[in-house]
Peer 1: 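Here it is: the structure, laid out below.
These values consider heavy atoms only, across backbone and side chains, with no hydrogens, waters or symmetry-generated copies.
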Amino acid sequence: MLIFRICLQGAYRDDNGKPVVLECVREAERRIAGNLNMEYLPMGGSVKMVEETLKLAYGENSELIKEKRIAAVQALSGTGACRLFADFQKRFCPDSQIYIPVPTWANHHNIWRDAQVPQKTYHYYHPESKGLHFAAMIDDIKNAPNGSFFLLHACAHNPTGVDPSEEQWREISHHIKAKGHFAFFDMAYQGFASGDPEKDAKAIRIFLEDGHHIGIAQSYAKNMGLYGQRVGCLSVLCEDEKQAVAVKSQLQQLARPMYSNPPVHGALIVSTILSDPDLKKQWLKEVKVMADRIIGMRTALRGNLEKLGSPLSWQHITNQIGMFCYSGLTPEQVDRLTNEFHIYMTRNGRISMAGVTTGNVEYLANAIHEVTK
């Protein structure tokens, strides 16, 4: 008898369920090997990597970059960027608080808690529709004290996969600006959500058009598959170049007692890929392949459930985007999937679509149908 063991947690796998190293990463490593030293980076990290990373977030020809208004440092992936910003917030805005969406990536709460920043929450996910609780979210933005900090997921919201539409992002931006709030974007999935890094940065570009000062945490764990290299970037858009110099100096002072300086190898991989037109083109192609495979698995899972005659609506599987699907399964149903079908996911029903393959999607659909019918 064939027994499946499906682990639906948060790292990309190919259609055979195997970890993936991108070809552009392999080529970058070949170029790096034996040709570069492994000396310490400065406290702010690789200047070249940071420069290329800012172009992805703010735009290839961003005037803000040309005007040197962005304070940016290399960080220990997205987690490290968030933590560095949380400590910056605590030190320079000690009476402020952070508004975090319900739900969010669980580690967000740990990060701001350990930085001793008071947390409040705002409405985001609507369980009944399995979509965005937009009206309640806007009300929370309006009712928050002026000058509050808001944590926003730039794209592919984790854990729900529910993103605002472009029109909704414009309204969110308008109300945050009207209240003088500060928007901090966690962008862990740029390119990985839609397959197009420009499209996935749309929320950030809207806020920039509207004249916000923002912060951004960026990570290359998902979109380059550099999970274990811990490569990321923290940036803060400032009033002018003078302020940006001061802010960067303070970010480096915060980093110094934490980890002194960031690791070099992952930064070399990223800067090698993004600064070489051919390698960057290859990366864009490969990240689209990953995103398209996940989108295809969403379609297949929904199709199999509907083919089984499930009385439930599974439209949310294809409406959501990115690595994760907020399935709507209860903790008890998740426990049955684990105990009876050897399918493993977090108990809030979050499925990592990266773990779904053409070889197991039918089995997964049958199991979900069995526990929900």
Side-chain angles (χ1 to χ4, degrees), residues 10-14 19-32 36 41 44-60 65 70 72-85 105 107 111 153-156 158 185-201 204 215-235 255 259 261-291 294 322-324 352 354:
Y12 183 79
R13 296 292 182 262
D14 65 16
V20 173
V21 179
L22 302 185
E23 282 304 312
C24 61
V25 170
R26 291 292 193 210
E27 176 56 28
E29 288 196 305
R30 280 191 284 271
R31 296 183 187 185
I32 293 165
L36 297 164
L41 287 173
S46 163
V47 173
K48 189 175 180 182
M49 189 280 286
V50 169
E51 287 175 350
E52 295 298 332
T53 301
L54 293 182
K55 292 176 189 176
L56 284 181
Y58 294 85
E60 186 74 28
I65 295 175
I70 305 168
V73 296
Q74 182 182 334
L76 305 185
S77 202
T79 302
C82 286
R83 179 57 197 264
L84 200 56
F85 181 81
W105 179 49
N107 211 23
I111 290 165
H153 296 231
C155 62
N158 179 3
F185 286 93
D186 188 356
M187 185 160 61
Y189 300 98
Q190 186 180 10
F192 203 86
S194 69
D196 180 356
E198 285 295 299
K199 183 177 180 181
D200 291 346
I204 286 170
I216 308 175
Q218 292 170 262
S219 166
Y220 290 102
K222 303 297 193 300
N223 60 13
M224 281 193 187
L226 299 176
Y227 300 95
Q229 295 292 348
R230 314 311 293 145
V231 198
C233 179
L234 169 63
S235 62
Y259 52 83
N261 43 59
V264 66
H265 188 71
L268 285 172
I269 293 171
V270 171
S271 59
T272 300
I273 291 169
L274 294 182
S275 64
D276 182 280
D278 290 335
L279 281 183
K280 185 175 181 180
K281 184 178 179 181
Q282 186 178 2
W283 170 63
L284 291 171
K285 180 179 177 181
E286 290 184 274
V287 78
K288 188 174 189 313
V289 167
M290 291 192 289
I294 290 174
M323 179 176 283
F324 301 113
S352 174

Peer 1: Any non-hydrogen side-chain atom of R13 less than 4.5 Å from a side-chain atom of P19?
Peer 2: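 Of all side-chain heavy-atom pairs linking P19 with R13, at least one is under 4.5 Å.
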
Peer 1: Decide, yes or no, whether a salt bridge links E51 with K48 under the criterion of side-chain N to carboxylate O below 4.0 Å.
Peer 2: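 Looking at K48 together with E51, the answer is no, because their closest N to O distance does not fall below 4.0 Å.
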
Peer 1: Say you draw a straight line from CD of Q190 to CG of D196; how long is it, rounded to the nearest 0.5 Å?
Peer 2: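 Here the rounded value is 9.0 Å.
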
Peer 1: May I ask you to test the V25-Y220 pair for a side-chain heavy-atom distance under 4.5 Å?
Peer 2: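 Heavy-atom side-chain distance check fails, nothing below 4.5 Å.
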
Peer 1: Show the nearest heavy-atom pair for residues S219 and S77, with the distance to one decimal.
Peer 2: OG-OG, 3.0 Å

Peer 1: Looking at Y12, is its backbone amide N or carbonyl O close enough to the side chain of Y227 to form a donor-acceptor pair, meaning the two atoms are under 3.5 Å apart?
Peer 2: yes

Peer 1: In the structure I gave you, are the side-chain heavy atoms of L56 and L274 within less than 4.5 Å of one another anywhere?
Peer 2: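 Yes. Closest side-chain heavy atoms under 4.5 Å.
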
Peer 1: Quick one, I65 and K55 - any side-chain contact, counting heavy atoms below 4.5 Å?
Peer 2: yes

Peer 1: Output the distance between atom OG1 (T272) and atom CG (L36), rounded to the nearest 0.5 Å.
Peer 2: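 CG of L36 is found 7.0 Å from OG1 of T272.
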
Peer 1: Once side-chain contact (heavy atoms from CB on, under 4.5 Å) is applied, do any residues pair with N261, and if so which ones, sequence neighbours excluded?
Peer 2: Y40

Peer 1: What heavy-atom pair brings G191 and A291 nearest, and what distance separates the two atoms?
Peer 2: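 Closest heavy-atom pair between G191 and A291: O-CB, 4.0 Å.
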
Peer 1: I need the minimum non-hydrogen distance between P263 and Q74, along with the two atoms involved.
Peer 2: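 Reported closest heavy-atom pair: O-NE2, 3.0 Å.
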
Peer 1: If the threshold is 4.0 Å, N to carboxylate O, is there a salt bridge linking R26 and E23?
Peer 2: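 Looking at E23 together with R26, the answer is no, because their closest N to O distance does not fall below 4.0 Å.
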
Peer 1: First locate atom CE of M224, then atom CD of E286, and finally report the distance between them rounded to the nearest 0.5 Å.
Peer 2: 10.0 Å

Peer 1: Looking at every non-hydrogen atom in both residues, tell me the closest pair between P197 and W283 and how far apart they are.
Peer 2: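 Answer, listing the atom of P197 first, then W283: CG-CH2, 4.1 Å.
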
Peer 1: Taking atom SG of C82 and atom CD1 of I216, what is their separation to the nearest 0.5 Å?
Peer 2: 11.5 Å

Peer 1: D200 side chain to A193 main-chain N or O, any donor-acceptor pair under 3.5 Å?
Peer 2: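 At least one qualifying donor-acceptor pair exists.
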
Peer 1: Does the N223 side chain pair with the main chain of F192, one donor and one acceptor, at a distance under 3.5 Å?
Peer 2: no

Peer 1: Could you tell me if the side chain of V73 sits less than 4.5 Å from the side chain of L84, heavy atoms only?
Peer 2: yes

Peer 1: Compare all side-chain heavy atoms of F324 with those of Y189 and state whether any distance is below 4.5 angstrom.
Peer 2: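 Counting from C-beta outward, F324 and Y189 do come under 4.5 Å.
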
Peer 1: If every non-hydrogen atom of A267 is compared with every non-hydrogen atom of S46, which pair is closest and at what distance?
Peer 2: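 Shortest heavy-atom contact: CB-CB, 3.9 Å.
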
Peer 1: For residues 271-284, pull every pair meeting salt bridge (Lys or Arg N to Asp or Glu O under 4.0 Å), keeping only residues two or more places apart or in separate chains.
Peer 2: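 Listed by first then second residue: R31-D276, E60-K280.
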
Peer 1: Kindly give the heavy-atom pair with the smallest separation between I111 and R83, and that separation in Å.
Peer 2: CG2-CA, 3.5 Å

